[in-house]
Amino acid sequence: MQGSVLVLGAGMVGVACALELQRKGLQVTLVDSREPGSETSHGNAGVLTRSSIVPFNNPALWGALPGLLSNQSASLRYDPGYLMRNIGWVTRFLLAARPGTFERTVAALDQLIRLSLHEHERLLAESGQLARLRSDGWMFLYRQAPRTPAMRLQVEMYRRCAVEVEELDPAAIRALEPALRPIFARGLLIRSAHSVDDPGAVVRGYAELFARRGGRQLRRKAVGIERQAQGWTTHFEDGGSEQAGQVVIALGPWSAAFLRGAGLRIPMAFERGYHMHYAGAADGAPALRRPIHDAQAGYVLSPMRRGLRLSTGVELNALDAPPRHAQLEGAQQAAAQALELGRRLDESPWKGARPTLPDSRPMIGELPRRGLWAAFGHQHIGFSTGPGTASVLGALMAGEPAPIDPAPFAPQRFQGLGPAGSRS
Ligand SMILES: Cc1cc2nc3c(=O)[nH]c(=O)nc-3n(C[C@H](O)[C@H](O)[C@H](O)COP(=O)(O)OP(=O)(O)OC[C@H]3O[C@@H](n4cnc5c(N)ncnc54)[C@H](O)[C@@H]3O)c2cc1C
């Protein structure tokens, strides 16, 4: 049983981990209650970019706080009751915006993203999906010309991490994206960026590659895990169970609730987000060539196979709280000023949740239970960083040197999740 692994969760992170552990010669079973890539890894904006190194909790957040208190900002809304119930997480999230912690996070995310982009290219090629990858960058757009402290910080971090960018004036924006109306005073083209036209399909393609290579998949809902002398038993909602030497928890936003059953408290909060697809211009004129982020209006528009996908900023709220569509309505109004959106294509908005730990770094490594591994907490960048996470996790599980420093991602950085001596 020692060579057997159960990977719980078949989002981008779980599927990438399953492929990597399979490559290492382990007997891998991938478990999900739904089809692979149906949840958060389906609904995202499909951007894979070197520029995702600056998390929401950066030193400029402190200055922005008074503006966020109104709870009307397009980029961040919150449920006050949820924040009060999670005040410990909120405090730690704000403290992680201090320059020292922030700079360590930037350096760690930069390493993880570089590794991930490399691994994505390999996996896209191996799964026959390279045609899905657009490599023409992504764009930040600003309606006002003066730079804010947040923009200055962003550009400084890009310079430090050698992220290739190009400043754009209105004429340059028009040349790159002719369908946009001339409402933007400035832009920033991130050259070291890619995007895909259907994130869920990419995950399904990776899961098919795993199956073609002999990987086993189960469509079952896990309800608990139990330590055995030789490994772990995972129990399912249908009453069945599976034994494995080791278990990887890659349940995205559901990871924290699941691990509570094993007596582990994971400091995770939910940055919820919504999306809606639009048909674009009635005359069928091409809309966008690449994803754009209208920074002050707080939305992202991505050209997808289904249409233009409008995705929203952050709503801090409980995972299962009822949807609130005000942010999406506001984003739609703002996006319609920038581009002809056309009619809505979905019956109702999609809702998902970015799973976020207080320092905005994912958790990758062994939990304080031998043979139980963490691969979750990827906030805004899990679609892009799943494969890098898998590479790090695979090396740690095999006892090999990791391709990047794993320490910034270790569960042990949080109280109650380490050190190794506390394992049971
Ligand atoms: C609006 C929005 C836009 C985003 N844009 C981007 C972007 O452009 N680029 C980027 O890199 N990231 C983006 N993200 C973030 C990214 O989508 C997530 O970080 C990532 O998808 C998390 O992947 P995951 O595999 O950890 O989780 P998920 O994809 O949620 O996978 C978890 C899986 O676990 C399964 N599961 C849950 N509970 C159980 C159970 N009990 N038993 C069995 N299975 C279970 C679920 O069915 C699911 O398939 C965005 C997120 C949002 C919300």
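For reference, positions follow the sequence shown, starting with 1. Here the structure is a predicted model, which means the values were calculated and not measured. Whatever order the structure lists them in is the order used to number ligands and atoms, beginning at 1.
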Going by the order shown, which atoms of ligand 1 are within less than 4.0 Å of some heavy atom of [X]?
X      : result
Ala45  : 3 (C), 4 (C), 5 (N), 6 (C), 7 (C), 8 (O)
Met12  : 25 (O)
Ser384 : 10 (C), 11 (O)
Ala222 : 40 (C), 41 (N), 42 (N), 43 (C)
Gly9   : 33 (C), 34 (O)
Ile381 : 10 (C), 11 (O), 12 (N), 15 (C)

Please confirm whether His118 and His120 have ring centers closer than 6.0 angstrom.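 Centroid separation for His118 and His120: 6.0 Å or greater.
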Work out which heavy atom in Ala45 is nearest to a heavy atom in Ser302; give both atom names and the distance.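 Of all heavy-atom pairs spanning Ala45 and Ser302, the closest is O-OG, 3.0 Å.
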Under 4.0 Å between a Lys/Arg side-chain N and an Asp/Glu carboxylate O for Arg220 and Asp32?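 The answer is no: the pair does not qualify as a salt bridge.
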Salt bridge check: are Arg104 and Asp359 linked by an N-O gap of less than 4.0 Å?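 A salt bridge is absent here (no side-chain N lies under 4.0 Å from a carboxylate O).
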Any Leu189 side-chain heavy atom under 4.5 Å of Arg290 side chain: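 A side-chain contact exists here, since the closest heavy-atom pair is under 4.5 Å.
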pair Arg122-Glu126: side-chain heavy atoms closer than 4.5 Å: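 Arg122 reaches Glu126 side chain to side chain.
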With the threshold set at under 4.0 angstrom, would you say [X] reaches ligand 1 through any of its heavy atoms?
X      : answer
Lys221 : yes
Gln379 : yes
Pro253 : yes
Arg272 : no

Does Ala297 have any side chain to side chain contact (heavy atoms under 4.5 Å, CB included) partners at least two apart in sequence or in another chain, and if so, which?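 With neighbours one apart ignored, the set is Arg143, Asp294, Tyr299, Ala334.
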What part of Arg220, side chain, backbone, both or neither, has a heavy atom within less than 4.0 angstrom of ligand 1?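 Backbone only.
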Cation-aromatic face contact Arg186/Tyr142, 6.0 Å, 45 degrees: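 Geometry flag: set, cation within 6.0 Å and 45°.
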Any N or O of Asp32 that comes nearer than 3.5 Å to an N or O of ligand 1?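 Yes: some nitrogen or oxygen of Asp32 is under 3.5 Å from one in ligand 1.
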